[in-house]
Amino acid sequence: MERHFDEELKELHKELLKMGVMTQEAIYKSVEALKNRDNAMANGVISLDDKIDQLELMIDERCIDLIARHQPMAGDLRFITTGMKINAELERIADLAVDISQRVLELADKPLLKPLVDIPKLSTIAQSMVRDAIDAFVNKDAELARRVVLSDSEADKLRNLVQEELIDDFMAKDAKSAPRAVPLLLITRHLERICDHATNIAEDIVYMVEGKVVKHHPEELI
């Protein structure tokens, strides 16, 4: 029975990794669609969301079933409950990639307000945080998870920089720039929220590995 349970945990692990890969693909393609003004790629991200939603539901059901049938304790219970939380965070990240893609479609027939510089930088941070959070989960690496949490402040700074530029240098000076500025503002916000969800995943991983709650307890990150 115990060996069968271990096999089921491995399957859960694989499904969560698949969810992570699909989510990372959605983020990457949504930003590439923005950079290349590629409507087909943006629509592809939107279409992928149904598969991600279906996988999220399947993983949730598997986690509930494992808890109900095996009544796991200690580390196994933390792994399953953390898996449920990570699953939900990844689904929200995928939704944000869809939001970015929808903003890309809004900009399709409009010339870009300015060259894209800081938004791709923020995208790089977001993708790195998600990738590292998933790697931390795979390797049960609490130290890497802590670094993900500490990276969030850099994302916040970039978001503020982009927002100030778009509002102060464009919208405040020319109200007609709003239809081109607002989608970029929203994309910036979506990317920053992706970073927040990666941070949540990383905090859950620290709890899974060490049993320490670091959410709302920054002193535990040191």
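These numbers come from a predicted model, not from an experiment.
Expressed to the nearest 0.5 Å, how far CG of Asp118 lies from CG of Asn160 amounts to 11.5 Å. Between Asp141 atom CG and Ile205 atom CD1 the span is 9.0 Å, to the nearest 0.5 Å. Separation of atoms CE (Met208) and CD1 (Ile80) is listed at 11.5 Å; rounding is to 0.5 Å. In this structure, Arg37 CZ and Asp109 CG are separated by 8.5 Å, a value rounded to the nearest 0.5 Å. Going from atom CD1 of Ile119 over to atom CD1 of Ile187 covers 6.0 Å, rounded to the nearest 0.5 Å. Interatomic distance, CD1 of Ile52 versus CD of Gln54, reported as 10.5 Å (0.5 Å rounding).
Here the rule is salt bridge (Lys or Arg N to Asp or Glu O under 4.0 Å) with Arg159, and of Glu154, Glu164, Glu192 only Glu192 fits it.
Using a 4.5 Å heavy-atom threshold, the side chains of Leu34 and Leu107 count as touching. Leu186 has its side chain within reach of His190: a pair of non-hydrogen atoms, C-beta onward, lies under 4.5 Å apart. Within the 4.5 Å cutoff, side-chain heavy atoms of Asp95 are placed close to those of Asp53. Phe170 places none of its side-chain heavy atoms less than 4.5 Å from the side chain of Arg180. Between Asp38 and Glu32, the closest side-chain pair of non-hydrogen atoms is not below 4.5 Å. With a 4.5 Å cut-off on side-chain heavy atoms, Met19 and Glu15 do not count as touching. Inter-residue side-chain proximity for Asp99 and Gln102 is flagged as met; some heavy-atom pair is nearer than 4.5 Å. Ile64 places a side-chain heavy atom less than 4.5 Å from the side chain of Met84.
In this structure a side-chain-to-backbone donor-acceptor pair under 3.5 Å is present from Thr81 to Arg78. Side-chain atoms of Asn87 do not come within 3.5 Å of backbone N or O of Gly83 as any donor-acceptor pair. Judged by distance alone, the side chain of Lys121 and the main-chain N or O of Val117 form no donor-acceptor pair under 3.5 Å.
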Report the C-alpha separation of Gln127 and Ser123 in whole Å, then their side-chain angles, then the decisive distance to 0.1 Å, and conclude whether the side-chain hydrogen bond (donor to acceptor under 3.5 Å, both in side chains) test is met. CA-CA 6 Å; Gln127 291 180 67; Ser123 167; 2.8 Å; yes
Audit row: Lys14, Lys18, side chain to side chain contact (heavy atoms under 4.5 Å, CB included) steps and yes/no: CA-CA 6 Å; Lys14 287 179 184 177; Lys18 181 179 178 181; over 6 Å; no
Evaluate the side chain to side chain contact (heavy atoms under 4.5 Å, CB included) criterion for residues Leu9 and Phe79: first the C-alpha distance (whole Å), next the side-chain angles of each, then the deciding distance (0.1 Å), finally the verdict. CA-CA 9 Å; Leu9 289 178; Phe79 172 75; 4.0 Å; yes
Show your reasoning for whether side chain to side chain contact (heavy atoms under 4.5 Å, CB included) applies to Leu66 and Asp76. CA-CA 10 Å; Leu66 284 172; Asp76 289 336; over 6 Å; no
Worked check of side chain to side chain contact (heavy atoms under 4.5 Å, CB included) between Ile125 and Leu191: CA-CA 9 Å; Ile125 293 171; Leu191 287 169; over 6 Å; no
Run Glu210 and Arg146 through salt bridge (charged side-chain N to carboxylate O under 4.0 Å, His left out) and show every step you take. CA-CA 12 Å; Glu210 299 181 350; Arg146 282 182 165 84; 2.9 Å; yes
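Taking both residues in full, the closest heavy atoms of Val45 and Ala97 are given as CG1-O, 3.8 Å, listed atom of the first, atom of the second, then distance. The two residues Ile194 and Ala126 come nearest to each other via the heavy atoms CG2-CB, 4.0 Å. When all heavy atoms of Ala42 and Val104 are compared, the pair lying nearest together is CB-CG1, 4.1 Å. Across all non-hydrogen atoms, the minimal contact from Ala198 to Ile93 is N-CD1, 4.3 Å. Of all the heavy atoms in Ile46 and Ser101, the pair that sits closest is CG1-CB, 3.9 Å. For the residue pair Val148 and Thr199, the shortest heavy atom distance occurs at O-OG1, 4.3 Å.
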Could you give the side-chain donor-acceptor pairs of residues 131-140 under 3.5 Å, partners two or more places apart or in another chain?
| unit_1 | atom_1 | unit_2 | atom_2 | d |
| --- | --- | --- | --- | --- |
| Arg131 | NH2 | Ser128 | OG | 3.4 |
| Asn139 | ND2 | Asp135 | O | 3.1 |

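Linking Ile, Leu, Val, Met, Phe, Trp and Tyr whenever their side-chain heavy atoms come within less than 4.5 Å leaves Leu57 and Leu48 in two separate clusters. When hydrophobic clusters are built by joining Ile, Leu, Val, Met, Phe, Trp and Tyr residues whose side-chain heavy atoms come closer than 4.5 Å, directly or via intermediates, Ile167 is grouped together with Leu112. Taking hydrophobic clusters as Ile, Leu, Val, Met, Phe, Trp and Tyr residues chained together by side-chain heavy-atom distances below 4.5 Å, Ile27 shares a cluster with Met22. Neither Leu96 nor Met41 shares a network with the other; the hydrophobic side chains, linked directly or stepwise wherever heavy atoms of I, L, V, M, F, W or Y lie under 4.5 Å apart, form separate groups for each. Connection of Val21 to Tyr28 is not established within any shared hydrophobic cluster, with ILVMFWY side chains joined at heavy-atom distances below 4.5 Å, either directly or through further cluster members.
A salt bridge links Asp196 and Arg193; the closest N-O separation between the charged side-chain nitrogens and carboxylate oxygens is under 4.0 Å. Taking 4.0 Å as the cut-off between side-chain N and carboxylate O, Glu56 and Lys51 do not count as a salt-bridged pair. Note on Glu89 versus Lys85: no salt bridge recorded, every NZ/NE/NH1/NH2 to OD/OE distance being 4.0 Å or above. Taking 4.0 Å as the cut-off between side-chain N and carboxylate O, Glu8 and Arg62 do not count as a salt-bridged pair. Using a cut-off of 4.0 Å between Lys/Arg side-chain N and Asp/Glu carboxylate O, Arg69 and Asp65 are scored as salt-bridged.
Between His4 and His70, the ring planes are tilted. Angles from 30° to 60° get that label.
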